[in-house]
Protein chains: 2
Amino acid sequence: MWDAMTNIVVNEELGEAGALDVSSIEHSVIFQIKRTQALLTRRFQSRFAGFDLRPGEYGILLLIATNPGRKQTEIADALGVQRANFVPLINALERRQLTERRPSLQDRRSNALYLTPIGESFVQKICQVEAAFEAECTARLGGVKAREAFLALLSRLVAGTAVTGP
Amino acid sequence: MWDAMTNIVVNEELGEAGALDVSSIEHSVIFQIKRTQALLTRRFQSRFAGFDLRPGEYGILLLIATNPGRKQTEIADALGVQRANFVPLINALERRQLTERRPSLQDRRSNALYLTPIGESFVQKICQVEAAFEAECTARLGGVKAREAFLALLSRLVAGTAVTGP
DNA sequence: TATTGTTATACTCTATAACTATA
DNA sequence: TATAGTTATAGAGTATAACAATA
């Protein structure tokens, strides 16, 4: 072990015991964002455990609720999900009778997405849980203004980065 | 269909065209962290494209470099990787002769991890790229003080959340 | 009994290519 | 020719269970 105070190698045979030196990743933006996202997603999922919902499915329901009648590709794009990967997600929601696909009259290639009545009441319930979760995040960040500043920093961090792509 | 010149909704039968209403996820901490992490990781990976390195492998090399002789489990824990999933990662690095496992003399169950000479020079090279990446992040965030404040917010967001778990 | 490394396995998320039917 | 939806597939990342060797 290298001791910065004494400039002497200690316990060199097996490396020192005690805590690791994690300074190299502790101040790294990319490492800490990844770690935070993983922990936050875990907590998010635990809140929605009773609804059998994944974060991706939640986003779909929310966007359809506020944008009924839109095409699959539009919803998928807004969520950053490729249309090929969107299919099994919307299939699962449709199988649970939360959403439905109606053939578009203008463009017979595309499906217009809607919530079913069951889906409407389901969204109302999960919106309450999500609002509580976001409120907790806002409180942890120090209030609404602090949250907006935080979101602005996130945005600046990736400004100009392509939203989709390889 | 939305006509930007006339500001008139046309073809309203199937829902309006134009941009979706994404306000519900635009101000959501969990959605924006997920999006930012995905975009930032993509940019990170493109910078390391020439090294054939994934973010996970980069973290392992960095931690071994600053903590030579530590056990696999210690390195894995610090990175939030389960020991079962750590095995193929360290195998790949060893196959490329960047790291090596030496049997521990104190505890014959465990392997002590070290960089090879090849690994040492490799780490020096990728550290330059990583420093440039972090410097760019710092600049985007508004300087060193702003970055530390940002990292503090990330930390507060998940304070008290278990690092590992189900 | 508990821990270290390992194997096997499974599930999610993501990425690409190719097909069909429309436009 | 281009686009919308779909299928198939492959690669990462992550999760659990179980085992042998060792503590």
Side-chain angles (χ1 to χ4, degrees), chain A residues 14 17 31 34-35 37-39 41-42 44-46 48-49 52-60 69-77 79-94 99-113 162-166, chain B residues 1 11 14 17 31 34-35 37-39 41-42 44-46 48-49 52-60 69-77 79-94 99-113 162-166:
Chain A
L14 242 194
F31 275 97
K34 186 183 177 188
R35 175 176 174 275
Q37 192 266 335
L39 293 174
T41 296
R42 176 163 302 165
F44 181 89
Q45 284 180 296
S46 73
F48 285 91
D52 189 27
L53 258 193
R54 289 168 291 182
E57 294 179 332
Y58 169 75
I60 294 173
R70 291 306 195 107
K71 301 189 294 187
Q72 290 188 196
T73 302
E74 290 180 303
I75 303 292
D77 282 352
L79 292 169
V81 177
Q82 297 184 67
R83 68 189 199 278
N85 297 326
F86 188 84
V87 175
L89 292 172
I90 194 70
N91 280 347
L93 293 175
E94 200 169 70
T99 64
E100 64 175 332
R101 285 178 259 216
R102 297 184 205 157
S104 168
L105 301 181
Q106 278 89 348
D107 185 342
R108 278 145 59 203
R109 294 173 299 182
S110 62
N111 297 328
L113 299 182
V163 178
T164 59
Chain B
M1 175 186 207
N11 285 346
L14 249 191
F31 275 97
K34 185 183 176 188
R35 175 176 173 274
Q37 192 266 335
L39 293 173
T41 296
R42 176 163 301 167
F44 181 89
Q45 286 181 293
S46 73
F48 285 92
D52 189 26
L53 259 193
R54 290 167 291 183
E57 294 180 331
Y58 169 76
I60 294 173
R70 290 306 195 108
K71 301 190 295 188
Q72 288 188 198
T73 302
E74 290 180 303
I75 302 293
D77 282 352
L79 292 168
V81 178
Q82 298 183 68
R83 67 188 199 280
N85 297 326
F86 188 83
V87 175
L89 292 172
I90 194 70
N91 280 346
L93 294 175
E94 201 169 69
T99 64
E100 62 175 331
R101 285 179 259 217
R102 298 185 202 157
S104 168
L105 301 181
Q106 277 88 346
D107 184 341
R108 277 145 59 202
R109 294 175 299 183
S110 63
N111 297 328
L113 299 182
V163 178
T164 59

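Per chain, numbering begins at 1; letters A, B, ... match sequence-line order.
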Pick out the pairs of N or O atoms, protein on one side and nucleotides 9-14 of chain D on the other, that lie under 3.5 Å.
from, atom 1, to, atom 2, distance (Å)
D:dG13, OP2, B:Arg54, NH1, 3.4

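When side chains are defined from C-beta on, A:Glu57 counts as touching A:Leu93, because their heavy atoms get closer than 4.5 Å. Side-chain contact check for B:Leu113 versus B:Lys71: every heavy-atom pair is 4.5 Å or farther apart.
An angle of 0°, rounded to 10°, separates the two end axes of the helix from C:dT1-D:dA23 to C:dA23-D:dT1, each defined over five pairs.
Across B:Phe31 and A:Gly59, no two heavy atoms sit closer than the pair CZ-CA, 3.6 Å. Closest non-hydrogen pair, B:Gln37 versus A:Gln37, comes out as OE1-OE1, 3.8 Å. Considering all non-hydrogen atoms of both residues, A:Gly69 and A:Ala112 come closest at O-CB, 3.4 Å.
For the pair B:Asp77 CG and C:dT4 P, the computed distance is 8 Å after rounding to whole Å. Between the CZ atom of A:Phe86 and the C1' atom of D:dA8 there is a distance of 19 Å, given to the nearest Å. Put simply, CD1 on A:Ile60 is 14 Å from P on C:dT12, counting in whole angstrom units. Atom CD in A:Glu94 sits about 13 Å away from atom C1' in D:dG5, given to the nearest Å. Whole-Å rounding puts the B:Gln72 CD to C:dT7 C1' distance at 13 Å. Taking atom CD of A:Gln37 as the reference point, atom C1' of C:dT12 lies 13 Å away to the nearest angstrom. In this structure, CZ of B:Arg102 is placed 16 Å from P of C:dG5, rounded to the nearest angstrom. Rounded to an integer number of Å, the gap from B:Leu93 CG to C:dG5 C1' is 16 Å.
Within the model, atoms CZ of A:Arg101 and CG of A:Asn91 stand 4.5 Å from one another, a figure rounded to the nearest 0.5 Å. Here the CD1-CG distance, from B:Ile75 to B:Asn111, works out to 12.0 Å after rounding to the nearest 0.5 Å. Atoms CD and CD1, from B:Glu100 and B:Ile90 in turn, are 10.5 Å apart once rounded to the nearest 0.5 Å. To the nearest 0.5 Å, atoms CD1 (B:Ile60) and CZ (B:Phe86) are separated by 4.0 Å.
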Item to check | Per-nucleotide protein contact string for nucleotides 17-23 of chain C, where B marks a base within reach and S marks sugar-phosphate only (heavy atoms under 4.0 Å, - for neither) | outcome: B---BBS

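A perpendicular orientation is assigned to the rings of B:Tyr58 and B:Phe44, their planes being inclined by more than 60° (bins at 30° and 60°).
Within the 4.0 Å cut-off from OP1 or OP2 of D:dT3, not a single side-chain nitrogen or oxygen of A:Ser110 is found.
Between the side chain of A:Gln72 and the main chain of A:Arg83, no donor-acceptor pair closer than 3.5 Å is present.
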